**Q** 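Take a look at the following structure, please.
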2 protein chains.
Amino acid sequence: MLTSVDPDVIRALSDPLRLRIVNLLARETLCTTHLVEETGARQTNLSNHMKVLREAGIVETEPCGRYTYYRLRPEVLAGLSEQFAALAASARGVGENKRACP
Amino acid sequence: MLTSVDPDVIRALSDPLRLRIVNLLARETLCTTHLVEETGARQTNLSNHMKVLREAGIVETEPCGRYTYYRLRPEVLAGLSEQFAALAASARGVGENKRACP
DNA sequence: CCATTACATCAGCGCGCGCTGATGTGACAG
DNA sequence: CTGTCACATCAGCGCGCGCTGATGTAATGG
């Protein structure tokens, strides 16, 4: 396996609310106000989550007046997809390749 | 998006040690003793992590005498890969599809 | 038979993380 | 200018989770 799955990205996606946000952003670009409406979470809480997603490189921001729009970075998700595909392929090739009992 | 990313599976993979274990198991089938040697973690700790991976459906066990071998379930990883690929594809299609400011 | 090994489970501890309320800053409206 | 709105940041709280030591239970070896 050349590049393993990035732990930081996975960690950022491990929160249910953040995963919901990613799913929402996969349909349309939204600002914090929209996300507050959609998720029912507080603004402060949401802002914290967006910071995590931003620092993990999953999301990028686009300021628009006094609004901040968030959009997904598809390359990151595509990278995850490839890394898991590589893991799955490697796992399929394991077969009866088990290390002997010590 | 038909099937979104499974939060439980992602959560199970969000721990660095568990991710290491998955990477190890992608190469060869191992038992707990091997994993203790490879990771340096305590047996108790490892057993807890294996329980999490098992309950998430990522790993299946094969008892072999007094040893317990663990092997990955490639379908789960392949499923993750497809789900992230779908997310990435959807994210690419978003473009300038941004919801209007309220 | 008893000792050892492999593994699971449990109770307990400590820290990290998600949630919140309060506060600060910048952008627009009037 | 002042007030309001959108958003970020901070301090604090509480719970969950990862780690550990102790204990239980099979399976093997002598």
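These numbers come from a predicted model, not from an experiment. Just so we're on the same page: letters track the sequence lines, and every chain starts at 1.
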**Q** Without decimals, in angstroms, what is the distance between A/Glu62 CD and D/dC7 P?
**A**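 Distance, rounded to whole Å: 12 Å.
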
**Q** Between C/dG18 and A/Arg42, is there an OP1 or OP2 to side-chain N/O distance shorter than 4.0 Å?
**A**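 A/Arg42 to C/dG18 OP1/OP2: no side-chain N or O under 4.0 Å.
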
**Q** Please report, rounded to the nearest Å, how far the P atom of D/dT9 is from the NE2 atom of A/His49.
**A**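 From A/His49 NE2 to D/dT9 P: 15 Å.
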
**Q** At 4.0 Å (heavy atoms only), tell me whether A/Thr32 reaches a base, stays on the sugar-phosphate, or touches nothing.
**A**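 Sugar-phosphate contact only.
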
**Q** State which residue, out of A/Arg73, A/Arg54, A/Arg71, fulfils the salt bridge (charged side-chain N to carboxylate O under 4.0 Å, His left out) condition with A/Glu62.
**A**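 Exactly one pass, corresponding to A/Arg71.
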
**Q** For a quick test of reading the model, state the closest non-hydrogen atom pair linking B/Val5 to B/Leu80 and the distance between them.
**A**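 Nearest heavy atoms, B/Val5 then B/Leu80: CG1-CD2, 3.9 Å.
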
**Q** May I have the distance from A/Leu30 (atom CG) to D/dA6 (atom C1'), rounded to whole angstrom?
**A**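 For the pair A/Leu30 CG and D/dA6 C1', the rounded distance is 15 Å.
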
**Q** Between D/dG16 atom P and B/Asn48 atom CG, what is the distance in whole Å?
**A**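 Roughly 17 Å, once rounded to whole Å.
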
**Q** What does B/Asp15 touch in the nucleic acid at a heavy-atom separation under 4.0 angstrom: a base, only the sugar-phosphate, or nothing?
**A**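 Sugar-phosphate, backbone atoms only, no base.
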
**Q** If you define the side chain from C-beta out and look only at heavy atoms, does anything of A/His34 sit under 4.5 Å from A/Leu24?
**A**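 The answer is no; the side chains never approach within 4.5 Å.
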
**Q** Given the rule in the side chain to side chain contact (heavy atoms under 4.5 Å, CB included) test, do A/Val94 and B/Leu72 qualify, once you have shown the distances and angles that lead to the verdict?
**A** CA-CA 9 Å; A/Val94 167; B/Leu72 285 183; over 6 Å; no

**Q** Just call it for B/Ser47: base, sugar-phosphate, or nothing, with non-hydrogen atoms closer than 4.0 Å on any strand.
**A**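 Counting heavy atoms under 4.0 Å across all strands, the contact made by B/Ser47 includes a base.
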
**Q** For C/dA8 and B/Tyr70 - does any side-chain N or O of the residue sit under 4.0 Å from the phosphate oxygens OP1/OP2?
**A**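 True: B/Tyr70 side-chain N/O within range (under 4.0 Å) of C/dA8 OP1/OP2.
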
**Q** In whole Å, what is the span from the CE atom of A/Met50 to the P atom of D/dC7?
**A**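 Result: 10 Å.
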
**Q** Mind checking A/Tyr69 for me? I need base, sugar-phosphate or nothing, with any heavy atom below 4.0 Å counting as a touch.
**A**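 Nothing, no nucleic acid heavy atom in range.
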
**Q** Evaluate the ring planes of B/Phe84 and A/Phe84, with Trp represented by its six-membered ring, and classify them as parallel (under 30°), tilted (30 to 60°) or perpendicular (over 60°).
**A**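 Taking A/Phe84 first and then B/Phe84, their aromatic rings lie parallel (interplane angle under 30°).
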
**Q** In whole Å, I'd like the distance from the CZ atom of B/Arg11 to the P atom of D/dG18.
**A**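 About 7 Å, once rounded to whole Å.
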
**Q** Within the 4.0 Å heavy-atom criterion, would you say A/Thr44 contacts the bases, only the backbone, or no part of the nucleic acid?
**A**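 Result for A/Thr44 = base.
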
**Q** With a 3.5 Å cut-off and heavy atoms only, can you find an N or O donor on one side and an acceptor on the other between the side chain of B/Gln43 and the base of C/dA6?
**A**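 For B/Gln43, whose side chain was compared with the base of C/dA6, there is no donor-acceptor pair (under 3.5 Å).
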
**Q** Where each residue is assigned the nucleotide of DNA chain C containing its nearest heavy atom, which of B/Arg66 and A/Leu17 is assigned the position nearer the 5′ end?
**A**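 This one resolves to B/Arg66.
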
**Q** Starting from C1' on D/dC7, measure out to NE2 on A/His34 and report it in whole angstrom.
**A**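 From A/His34 NE2 to D/dC7 C1': 14 Å.
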
**Q** Given D/dA6, D/dT9, C/dC17, identify the nucleotide with an atom nearest to the side chain of A/Thr33.
**A**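 Nearest listed nucleotide: D/dA6.
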
**Q** May I have the distance from A/Leu46 (atom CG) to D/dC5 (atom C1'), rounded to whole angstrom?
**A**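 A/Leu46 atom CG is separated from D/dC5 atom C1' by 16 Å.
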
